[in-house]
Amino acid sequence: LRRQRQMCIRDRSIDNKVSIPMGGTSKEVTVTSGTTVTVPVSRMYAKLKVKVEMQNENMVLNNINVRQIPNICQVETLAGDGTEEPVTAVPFPEGTTFNSIAFAASDMKPDADGETWAVFYVPESLRGETSVQAGGTKSDDVPSDALTVDVSTGIGGETRSYTAYPGGNSYNNFNIQRNQVYRMKVTITGTKDQNTPSSNCFVVKPHGF
């Protein structure tokens, strides 16, 4: 009997409160009595960790929200093995919306380094790279449906909102790849005319630092 199978399972090893979809494909094998079939799998969601640092001691953090999330998780993967920048994204099918709710393990979660992060799990969303003009910022040219992090703060009875964009770098990459960990630190000075906080987003490979 020769079979090639594509499968989707769920992984509960990250947190006992979550169940992360995983996918994998077996090679074509001949199944006989006693045959063991190994199917390598990987998580189909990305893990996004957000930390907000406020330089104004009178400012308080109200909320961290993630939006522009695809409402589906595709089994098909990107071109390549997921360890490098994708070459060609598998397009979303017609009718896909980007208003899904982030899969959050917890509102705020202490890390091993003692810092507290907001942790979210989101489906892969490859929105590509843009061209940044000299002196420009990442927010100058944002692809449609790019994953967006909104930060709401309060100071002196006034609410202020800031927006940042995670991805492969902090200046022009908006790709969110499956099975990757994104750590985004957002620094807010508290200056009233500041529209977008400075942010440093970098990718941590599985089991990496």
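One-based numbering along the sequence shown.
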- Query: Between N172 (side chain) and T130 (backbone), is there a donor-acceptor pair under 3.5 Å?
  - Reply: yes
- What one should report as the nearest heavy-atom pair of E129 and N173 is OE2-ND2, 2.9 Å
- Do L61 and S152 have side-chain heavy atoms sitting under 4.5 Å apart? no
- Item | Sequence-distant partners of N99, side chain to side chain contact (heavy atoms under 4.5 Å, CB included), two or more places apart | T97
- 4.5 Å side-chain heavy-atom contact, F120 and K49: no
- Task: Look up atom CD1 in I155 and atom CD1 in I188, then write down how far apart they are to the nearest 0.5 Å.
- Result: 10.5 Å
- Message: With heavy-atom distances below 4.5 Å as the criterion, would you say the side chains of V66 and L48 are in contact?
- Response: yes
- Are side-chain heavy atoms of Y165 and V149 found at a separation under 4.5 Å? no
- Any residue meeting side chain to side chain contact (heavy atoms under 4.5 Å, CB included) with Q55, in chain and number order, not counting sequence neighbours: T187, T189
- Do you know the tightest heavy-atom contact between G154 and N62? N-ND2, 3.4 Å
- Item | Single-linkage hydrophobic cluster, 4.5 Å side-chain cutoff, M54 and V50 together | yes
- Note on the structure: Tightest non-hydrogen contact, residues W117 and R183, listed as CZ2-NH2, 3.4 Å
- Query: Under 3.5 Å, side chain of N175 to main-chain N/O of Q177, donor-acceptor pair present?
  - Reply: no
- Task: List in chain and number order the residues that pass side chain to side chain contact (heavy atoms under 4.5 Å, CB included) with S131, two or more places apart in sequence or in another chain; answer none if no residue qualifies.
- Result: none
- Message: Counting C-beta onward and ignoring hydrogens, is there a side-chain heavy-atom pair between M59 and R160 closer than 4.5 Å?
- Response: yes
- Message: For a side-chain contact (heavy atoms from CB on, under 4.5 Å) check, start with the C-alpha distance between N71 and F98, then their side-chain angles and the critical distance, and finish with the verdict.
- Response: CA-CA 6 Å; N71 68 332; F98 289 81; over 6 Å; no
- Taking side chain as C-beta onward, heavy atoms only, is R67 less than 4.5 Å from I69? no
- Message: I want to check something: taking the side chain as every heavy atom from C-beta on, are Q180 and Y45 in contact at a cut-off of under 4.5 Å?
- Response: no
Contacts under 3.5 angstrom, residues 140-147 side chains, donor-acceptor by atom type, not counting sequence neighbours:
from : atom 1 : to   : atom 2 : distance (Å)
D140 : OD1    : T137 : OG1    : 3.3
D140 : OD2    : T137 : N      : 2.7

- Message: What I'd like to find out is whether the side chain of V39 reaches to under 4.5 Å of the side chain of V37, using heavy atoms alone.
- Response: yes
- Start with the C-alpha distance between T163 and D150, add both sets of side-chain angles, then the distance that settles side-chain hydrogen bond (donor to acceptor under 3.5 Å, both in side chains), and finish with yes or no. CA-CA 5 Å; T163 299; D150 293 321; 3.2 Å; yes
- Apart from V60 itself, its cluster of hydrophobic side chains linked below 4.5 Å comprises none
- Give the minimum heavy-atom separation between S100 and P70, together with the two atoms involved. CB-O, 3.5 Å
- Kindly write out the residues that satisfy side chain to side chain contact (heavy atoms under 4.5 Å, CB included) with I101, not counting sequence neighbours, or none if the list is empty. none
- Under 3.5 Å, is there a donor-acceptor pair between the side chain of K47 and the main chain of R178? no
- Apply the test side-chain contact (heavy atoms from CB on, under 4.5 Å) to residues I176 and V122: give CA-CA distance (whole Å), side-chain angles for both, the deciding distance (0.1 Å), then the verdict. CA-CA 9 Å; I176 302 296; V122 293; 4.1 Å; yes
